[in-house]
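Some notes on the structure that comes next.
Numbering of residues begins at 1 and proceeds along the displayed sequence. Just so it is clear, the structure is predicted and the values come from calculations on it, not from any experiment.
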Amino acid sequence: MRRPTIKDVAERAEVSLKTVSRVINDEPSVQARTRERVRQAIAELGYQPDPSARSLRSAQPYALGLVYDNPNPYYVIAVQNGVLSVCRETGYGLQIHPCDSSSPNLANELIELVQHSRLAGLVLAPPMSERNELVTELIAHGVNLVRIVSAAADPQDGSACVYVDDRDAAYDITEHLIQLGHSRIGFLWGGKSHGSSWERYKGYEDALREYGIPLDAELVVEGDYSFDDGFRGARRLLALPDRPTAIFGSNDEIAAGVLAAAKSSGMNVPYDLSIAGFEDSPFSKQSWPALTTAKQATQDIARHAAHRLLQEIREHAPKASPNEGFSPELVVRGSTAPPRPKT
C-alpha cells in the first residue's frame, strides 16, 4: 500500500496543507475543532511525518534526543516509551543516546550530538541530569534541555526539570516496615552517582530517626541498581550474627536480588525476611511473593519532560512554567509482614 502523505490528511480533514502542518507542529493558531479533525484524519490514515525531511526543509530541527546512563532496563524502556509517545503525537523524531555519565568529555559529546544530528533539544535522564557543571555547559552552548531529577522539592535553579520526590516515598516504605514491627532494617544503595540513591537513603534515615531507631552502619551496604548487587548485598547482611528482619532495596531489581538470596538460603519471605523495593517495575508484580514497593510513574514523568522540552523550544523561555513534581506512592504486597516473634 502507498504510504499516506500530508496531502491525503488535508483531503480527509477537508483543510489546507498549511493547517495540517500547523497541527503537526502543535502551533497554537488552529481552532480546537479543526485540530481534532486533523488529528483524527492522521490517526485514521496512519500518517507519520518524516522528521528528517521536515528538518531539511526547515531551519527548525524536528527531532529530540534522549540521553541516559542507567543499568536498569525497565527504567530505561519506560523513559524511552514516555518520550517517544510525545514525539509521535507531535511529529518529532527521537534519537536515543546511551552514554558514560562519568566521561570528562561528555559535554562536548552531547554538543556535537545536537549539532550533527540537528536535534531541537535533549531530555536528560539521571545521572547526567544531576551533573550541574554538565547542564551549565550545555545551556551555555545554546542546547535546549529538560532534566529528570530526584529532589524533595523544586530545585529552582533556573533550569527546566521534572522532579521526583524519592525521599518521601522511601520514608513511607521504611515507616511501613517499622510499623510492622521491624527495627533491624537493612538498606541496599543504588549507584551513588544517582541523586535518587541519596534521596532514598535520606528517606530511610529520616524514618529511623523519627521513630527513635538508631542507625546501624552495619546494615547499610553500597552497590548499584542491579540484581547482582542486590543478591551480594543481601548475602552480606544475612551473614551477620544479628541479621536484619527486613531489607529495603533502592529499586526493584535490587529487591529481586534480595529475594533470590533469601530463597537460596532457605528463608521464608516474608515471615523470615521482609523485602521492599522501589519503582514498581513489571517483575515487582511477577515475583513470588510480589514486592512491596513505591509506584513511580516513570513513563508519565518522561512524557511530562518531553512536553516541557517542546514548550521550552517553542517559547524560547527557560522559565516558561513552574517545574513539575511527582511523588511515588507506597504499594504494599506480599513480600512484607511482621517479623517472627523471638523465641
Side-chain angles (χ1 to χ4, degrees), residues 63-87 92-103 105-107 109-111 113-114 117 119-139 143-151 154-155 157 159-167 169 189-200 224-226 250-254 278-282 294-313 323-328:
L64 304 181
L66 170 61
V67 182
Y68 68 88
D69 177 9
N70 193 310
N72 181 354
Y74 292 99
Y75 177 85
V76 170
I77 290 170
V79 171
Q80 288 180 5
N81 287 341
V83 176
L84 183 58
S85 67
V86 173
C87 289
Y92 274 72
L94 177 63
Q95 182 158 336
I96 297 168
H97 187 76
C99 61
D100 178 4
S101 60
S102 63
S103 169
N105 298 316
L106 184 56
E109 176 184 334
L110 297 183
I111 291 166
L113 170 71
V114 170
S117 300
L119 301 181
L122 300 176
V123 174
L124 294 183
M128 281 74 59
S129 57
E130 294 159 339
R131 283 184 53 181
N132 293 332
E133 74 288 351
L134 171 66
V135 172
T136 299
E137 189 166 354
L138 292 177
I139 292 173
V143 176
N144 297 307
L145 60 87
V146 169
R147 302 169 296 141
I148 300 172
V149 300
S150 178
D154 185 347
D157 53 10
S159 175
C161 73
V162 175
Y163 62 96
V164 183
D165 189 356
D166 292 281
R167 188 186 308 187
W189 277 79
K192 283 196 170 183
S193 63
H194 292 258
S196 57
S197 294
W198 292 92
E199 290 296 306
R200 292 171 194 181
D224 205 348
Y225 281 126
S226 70
S250 287
N251 75 348
D252 291 332
E253 277 202 74
I254 293 173
F278 202 107
E279 288 174 10
D280 197 32
S281 62
K295 183 177 179 62
Q296 178 173 286
T298 303
Q299 188 163 323
D300 197 30
I301 291 166
R303 278 184 56 83
H304 277 74
H307 274 302
R308 179 63 187 276
L309 177 58
L310 292 177
Q311 182 184 28
E312 302 297 314
I313 292 166
N323 291 322
E324 296 177 272
F326 287 80
S327 297

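The minimum heavy-atom distance between Tyr225 and Ser197, with the atom names listed, is OH-OG, 3.1 Å. Across all non-hydrogen atoms, the minimal contact from Ser196 to Asp166 is CB-OD2, 3.9 Å. The two atoms that bring Ala294 and Pro328 nearest to each other are CB-CB, 4.1 Å, heavy atoms only. What you find for Ala302 and Gly82 is that their closest heavy atoms are CB-CA, 4.0 Å. Closest of all the heavy-atom pairs between Val135 and Ser159 is CG1-OG, 3.8 Å.
Distance check: Leu119 CG to Leu94 CG gives 9.0 Å after rounding to the nearest 0.5 Å. For the atom pair CG of Asn105 and CD1 of Ile111, the computed distance is 11.0 Å after rounding to the nearest 0.5 Å. The structure places CG of Leu145 at 4.5 Å from CD1 of Ile139, a figure rounded to the nearest 0.5 Å. Here the SG atom belonging to Cys161 is positioned 7.5 Å from the CZ atom belonging to Arg308, to the nearest 0.5 angstrom. With rounding to the nearest 0.5 angstrom, the NZ atom of Lys295 is 14.5 Å from the OG atom of Ser327. In this structure, the separation between CZ on Arg200 and NE2 on His194 is 9.5 Å, given to the nearest 0.5 Å.
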### Query
Does the side-chain contact (heavy atoms from CB on, under 4.5 Å) test come out yes or no for Tyr75 and Gln296, once each step is laid out?
CA-CA 10 Å; Tyr75 177 85; Gln296 178 173 286; 3.9 Å; yes
### Task
Could you please spell out the steps behind the side-chain contact (heavy atoms from CB on, under 4.5 Å) verdict for Leu64 and Ile313?
CA-CA 10 Å; Leu64 304 181; Ile313 292 166; 3.9 Å; yes
### side-chain contact (heavy atoms from CB on, under 4.5 Å) between Asp100 and Leu106, worked out
CA-CA 8 Å; Asp100 178 4; Leu106 184 56; over 6 Å; no
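Identified under the salt bridge (Lys or Arg N to Asp or Glu O under 4.0 Å) test for residues 123-132, with sequence neighbours left out: Arg131-Glu133. Judged as a side-chain hydrogen bond (donor to acceptor under 3.5 Å, both in side chains), the pairs with a partner in residues 76-87 (not counting sequence neighbours) are, in order, Ser85-Arg303.
Every residue two or more places apart in sequence or in another chain was checked for a ring-ring contact (aromatic ring centres under 6.0 Å, His included) with His97, and none qualifies. With sequence neighbours left out, the side-chain hydrogen bond (donor to acceptor under 3.5 Å, both in side chains) criterion links Ser103 to no other residue. In terms of the ring-ring contact (aromatic ring centres under 6.0 Å, His included) criterion, Tyr68 has no residue partners (sequence neighbours excluded). Residues satisfying the side-chain hydrogen bond (donor to acceptor under 3.5 Å, both in side chains) test with Asp252, not counting sequence neighbours, are Ser281, Thr293.
Gln95 and Ser117 share a donor-acceptor pair across their side chains, judged by distance under 3.5 Å alone. If you check the side chains of Tyr74 and Thr298, you find no donor sitting under 3.5 Å from an acceptor.
Within the 3.5 Å criterion, the main-chain N or O of Ser226 finds no donor-acceptor partner in the side chain of Asp224. Between the side chain of Ser101 and the backbone N or O of Met128 there is no donor-acceptor pair closer than 3.5 Å.
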